[in-house]
Amino acid sequence: MYLLKRARDLQQVLQTLRQEGKSVGFIPTMGALHPGHLSLVDRAKQENQFTVCSIFVNPTQFNDPKDLDLYPRTPGKDIRMLASVGAHLVFMPPPGEIYPPGLDTQLDVSFGLLDNVMEGEFRPGHFQGVAQVVKRFLDLIRPDALYLGQKDFQQVAILRHLVHQLHLPVRIVMCPTLRETDGLAMSSRNVRLSPELRKKASILFETLTATKDMLEDFHPEEIEHFAMGRLSIPGFKPEYFEIVDGNTLQPVDDASQTNFIVACTAIWAGNVRLIDNMIWKSPE
Ligand code: PAF
C-alpha cells in the first residue's frame, strides 16, 4: 500500500495507472476510521482496479473551532485498518498540500435550497467547506468513482449537485450506513460519547424506525413534532427531525405524492453531535 503525503507523488502514481487504463475508486475520509469506512473501501475495490483513500481533517468545513479541536485523530490505527482491507493508496496530506498559499480553492457554486436546510441551517458554511475540499481531491485524483456513506445523506446530495454543476467526470456511489448492534449509526464521533450516553444513543435509530409507519396516517409535520419529543430524553437535545424529499431535501407535504422520502435527524448527546437518516420511500 502506498502512503503518500505530497500531491506531486500522488499524481505521479496515478499518472502511471491511468496510462495502464486502470479505473480508480476514491474514498475521502477525515480519519478516525470505523467499519463503515472500510465498507466503502470494499465496495470501491469490487468496482475498480485501484482504490485511493484520503485522510484529511478539513478545517474549512468546521463551523465550530472546538469541534475541529475535538475531532478524533487516530492516524496509525487508520493506516493499519486500510492496509488490512487492501486499500491501494492512502493520501494523508498536510493542509499546505490541499490549500497551498497562492492557490484560490474557493468554489463559486450555489447549492440553492440544498444548502439552506438541516445541516446547512445548523452548520453555516459547512457544505461550502466540504465541497471545496472534495473538489480539490477530485482535481488531484481524477477518480472514476467517488464512494460516500448514506449517513451523510445531505452531503451526498450536495456533492451530486457539485458534480452535476461542474460537469465533473466522476460517478457518485452512495453506500448504506453501517450500524452498531443496537442500531446506532457508525460514526467517528461515537468514541466521544460517555458510556451512559452511548447506551442511550440508539434512540436515533429507534425513533427513525418507530415513526416510519406513521407516514400513512399522519402529516409529516405531526410526525416530526412527535419524533422531536421522543428524542428529548435526559442528556439529549435534538436539533431537527425532518421528513424530506430525497432529491430536493425540501419538506414533504403530501407523502402519497412523493416517491423519494428520507427522514433525517441531528441531535446533541452531551457535547457530541450525532446525525442519522433513513430512506422511508425509495424511487427504485
Ligand atoms: O464525510 C466526511 O468525512 C467529510 O465531510 C469528507 C467527505 C471526507 C470531506 O472532508
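Ligands are counted one by one from 1 in listed order, and the atoms in each one are counted from 1 as well. Residues: numbered from 1 along the sequence shown. This structure is a prediction, so every number in the text was calculated from the model and none was measured.
- Listed by atom number, the atoms of ligand 1 under 4.0 Å from Val133 heavy atoms are 9 (C), 10 (O).
- Ion pairing of Glu119 with Arg273 is present here, as a side-chain N (NZ or NE/NH1/NH2) and a carboxylate O approach within less than 4.0 Å.
- The distance from ligand 1 to the heavy atoms of Pro28 drops below 4.0 Å at these ligand atoms: 8 (C).
- Looking at Leu148 against ligand 1, nothing comes within 4.0 Å, counting heavy atoms.
- Residue Tyr147 is tested with Thr29, Asn48, Asp42, Thr51 for a side chain to side chain donor-acceptor pair (under 3.5 Å); the sole match is Asn48.
- Using a 4.0 Å cut-off between a side-chain N of Lys or Arg and a carboxylate O of Asp or Glu, Lys5 and Glu97 do not qualify as a salt bridge.
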Report task. I would like to know whether Tyr71 and Phe62 meet ring-ring contact (aromatic ring centres under 6.0 Å, His included); could you show each step before the answer? Result -> CA-CA 10 Å; Tyr71 201 84; Phe62 285 83; 5.6 Å; yes
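- The distance from ligand 1 to the heavy atoms of Gln155 drops below 4.0 Å at these ligand atoms: 1 (O), 2 (C), 4 (C), 5 (O), 7 (C).
- Counting only heavy atoms of the protein, atom 3 (O) of ligand 1 lies nearest to Met30 CG, 3.7 Å.
- Within the 3.5 Å criterion, the main-chain N or O of Val85 finds a donor-acceptor partner in the side chain of Lys45.
- Protein heavy atom in closest approach to atom 10 (O) of ligand 1: Gln61 OE1, 2.6 Å.
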